[in-house]
Amino acid sequence: MKLKSRTEGDIVILEVKGKVMGGPDAAVFQEAIKAEIGKGIKKFIFDLGGVDWMNSSGLGILIGGLTTIRNIEGELKLANVTDKIQSLFMITKLVTIFDSHETVENALNSFN
Amino acid sequence: MPLKKLGELEVPSDQDYLAEVDNFTEKLIKKTLLPSSDVDDVAIVISEAVNNAMVHGNNLDVTKSVKIRLYSCSKYIRIVIQDEGGGFSPEDVPDPREDENLLKASGRGLLIIRHLMDEVSYKSVKSGTQIIMDKYV
């Protein structure tokens with residue numbers, strides 16, 4: 001897994017790429033989120049367009065991110081959710097948990 | 001239906017080896033008759049089963065290993081993952097789709113395996129527990 005972050009105003013976009021399969025990925029992801037929270041960021045977009053595939057540990061990483069962001073009363077949007085990931089969201093009912101948008105632009109516009 | 005063994009790998013119960021397992025199995029899967037649209041599904045399932053074997057079967061004890069074996073025939077590919085644990089009852093695993101479990105970070109592996117594979121079974125062997133997973137080609 002590779003992570004890259006960029007900022008649009010007060011919103012951080014985390015671009016996730018590669019295979020998200022848990023193990024060391026979880027710590028890398030949490031550290032990236034906490035580093036941004038440390039800078040005062042509360043609004044996040046996870047851009048999943050570059051994810052090859054994700055397993056249940058990857059889903060757990062997303063949930064961990066959501067929980068961390070909710071704990072600071074922040075907001076998380078997902079963007080570019082691939083068909084494969086959407087299928088996993090349907091199987092696991094996580095489709096009811098995440099706020100997903102077709103593009104990063106749509107996700108950016110969805111913040112109040 | 002004669003099954004041909006494609007390959008075997010044995011790794012310690014250390015999640016840092018998940019990427020090595022993926023590299024090893026992806027090359028083998030791509031040589032089978034499996035449609036390209038199913039290759040990622042099988043890769044996901046192998047990562048789930050190996051992770052479960054490391055974490056739940058072997059309690060991340062690096063002195064215990066996980067064995068991965070791949071077989072194929074004209075009708076299906078078979079993946080056998082073996083840990084050194086005492087086994088478990090799949091029906092005792094909580095349903096991760098229940099409201100009280102939705103925000104839990106783990107517990108979805110078996111559900112995903114059952115959805116993505118065509119046949120899944122479990123077997124106790126002398127030195128541990130196997131999960132046997134078939135995907136029709």
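Per chain, numbering begins at 1; letters A, B, ... match sequence-line order.
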Going by atom types only, do B/Gln82 and B/Ser127 share a side-chain donor-acceptor pair under 3.5 Å? yes
Chain B shares the most heavy-atom pairs under 4.5 Å, among A/Ile91, A/Ile63, A/Asp52, A/Leu88, with A/Ile91
So, the part of B/Glu26 with a heavy atom under 4.5 Å from chain A: the answer is side chain
Of the listed A/Thr67, A/Thr92, A/Leu94, the one with the largest count of heavy-atom pairs under 4.5 Å with chain B is A/Thr92
When the 4.5 angstrom heavy-atom criterion is applied to A/Ser87 and chain B, the contacting part is neither
Of the listed B/Pro96, B/Ala105, B/Ser106, the one with the largest count of heavy-atom pairs under 4.5 Å with chain A is B/Ala105
Which of A/Leu62, A/Asn80, A/Thr82 passes side-chain contact (heavy atoms from CB on, under 4.5 Å) with A/Leu48? It is A/Leu62
Exercise. So, does B/Asn59 use its side chain to make a donor-acceptor pair with the main chain of B/Asp61 at under 3.5 Å?
Worked result: no
Checked B/Asp14, B/Asp41, B/Asn51 vs chain A; the most non-hydrogen pairs under 4.5 Å come from B/Asp41
Checked A/Gly60, A/Ala26, A/Ser56 vs chain B; the most non-hydrogen pairs under 4.5 Å come from A/Ser56
When the 4.5 angstrom heavy-atom criterion is applied to B/Asp95 and chain A, the contacting part is neither
Pair count under 4.5 Å, heavy atoms only, with chain A: among B/Gln15, B/Arg97, B/Lys104, highest is B/Arg97
Can any side-chain N or O of B/Thr129 pair as donor or acceptor with the backbone N or O of B/Gly85 at less than 3.5 Å?
yes
Original post:
Does B/Lys135 use its side chain to pair, donor to acceptor, with the backbone of B/Leu116 at less than 3.5 Å?
Top reply: yes
Distance only, no hydrogens: is a donor on one side chain within 3.5 Å (strictly under) of an acceptor on the other, for B/Asp83 and B/Asn58?
no
